[in-house]
Amino acid sequence: MPKSEIHPKWYPDAKVICNGEVVMTTGSTQPELHVDVWSGNHPFFTGTQKILDTEGRVDRFMKKYGMGSANSAKSKEQKEEKDSKK
């Protein structure tokens, strides 16, 4: 048995609020949870995520570890064309 008087009050139907709207309910020690981002508006879950390539870091990583991409395939073809012209 849990000790009495040491555990916080449990709210089994706590409301999760995002942008003034109740988006879901869950169990919590707080009656209301105010969040800025949840799975319904997060870019990863909505499919609107964009990969930011700062200073070519993604391309550098792909080149370093030999992972193919559309750009690397084009560059290989261009390199082969240059070599064949020599």
Side-chain angles (χ1 to χ4, degrees):
M1 292 306 273
K3 294 182 180 180
S4 61
E5 305 292 327
I6 65 166
H7 295 283
K9 181 168 172 53
W10 181 253
Y11 298 93
D13 293 324
K15 298 174 185 173
V16 179
I17 300 171
C18 182
N19 297 329
E21 297 181 27
V22 176
V23 293
M24 61 192 290
T25 59
T26 186
S28 176
T29 57
Q30 300 292 320
E32 291 183 350
L33 302 170
H34 295 272
V35 297
D36 295 328
V37 177
W38 67 290
S39 61
N41 67 358
H42 191 279
F44 180 79
F45 296 107
T46 60
T48 59
Q49 180 181 20
K50 296 180 183 176
I51 297 175
L52 298 177
D53 186 10
T54 313
E55 300 175 7
R57 292 180 186 203
V58 173
D59 289 333
R60 195 171 351 135
F61 176 85
M62 298 292 261
K63 188 187 304 181
K64 181 177 180 180
Y65 292 104
M67 297 179 174
S69 68
N71 293 338
S72 66
K74 288 180 184 177
S75 64
K76 285 181 184 179
E77 290 174 4
Q78 291 172 350
K79 185 178 180 183
E80 289 174 0
E81 288 176 11
K82 286 181 183 179
D83 291 341
S84 65
K85 289 180 182 179
K86 289 181 181 181

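Sequence positions, counted from 1, serve as the residue numbers for this chain. Predicted model only: the values in this text are computed from it and were never measured. Scope of the values below: all heavy atoms of this structure, side chains included, with no hydrogens, waters or symmetry mates.
- Under a hydrophobic-cluster definition in which Ile, Leu, Val, Met, Phe, Trp and Tyr are linked whenever side-chain heavy atoms come within less than 4.5 Å, directly or via other members, Met62 and Tyr65 are assigned to the same cluster.
- Transitive grouping of hydrophobic side chains (ILVMFWY, heavy atoms separated by less than 4.5 Å) brings Val35 and Met24 into a common cluster.
- Interatomic distance, OG1 of Thr29 versus OH of Tyr11, reported as 8.5 Å (0.5 Å rounding).
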- Task: Please assess Asn19 against Asn41 for the test side chain to side chain contact (heavy atoms under 4.5 Å, CB included), listing each intermediate value before the final yes or no.
- Result: CA-CA 10 Å; Asn19 297 329; Asn41 67 358; 4.2 Å; yes
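- Atom CD of Gln30 is separated from atom CD of Glu32 by 10.0 Å, given to the nearest 0.5 angstrom.
- When the side chains of ILVMFWY residues are joined at heavy-atom separations under 4.5 Å, either directly or via intervening members, Trp38 and Leu33 end up in a single hydrophobic cluster.
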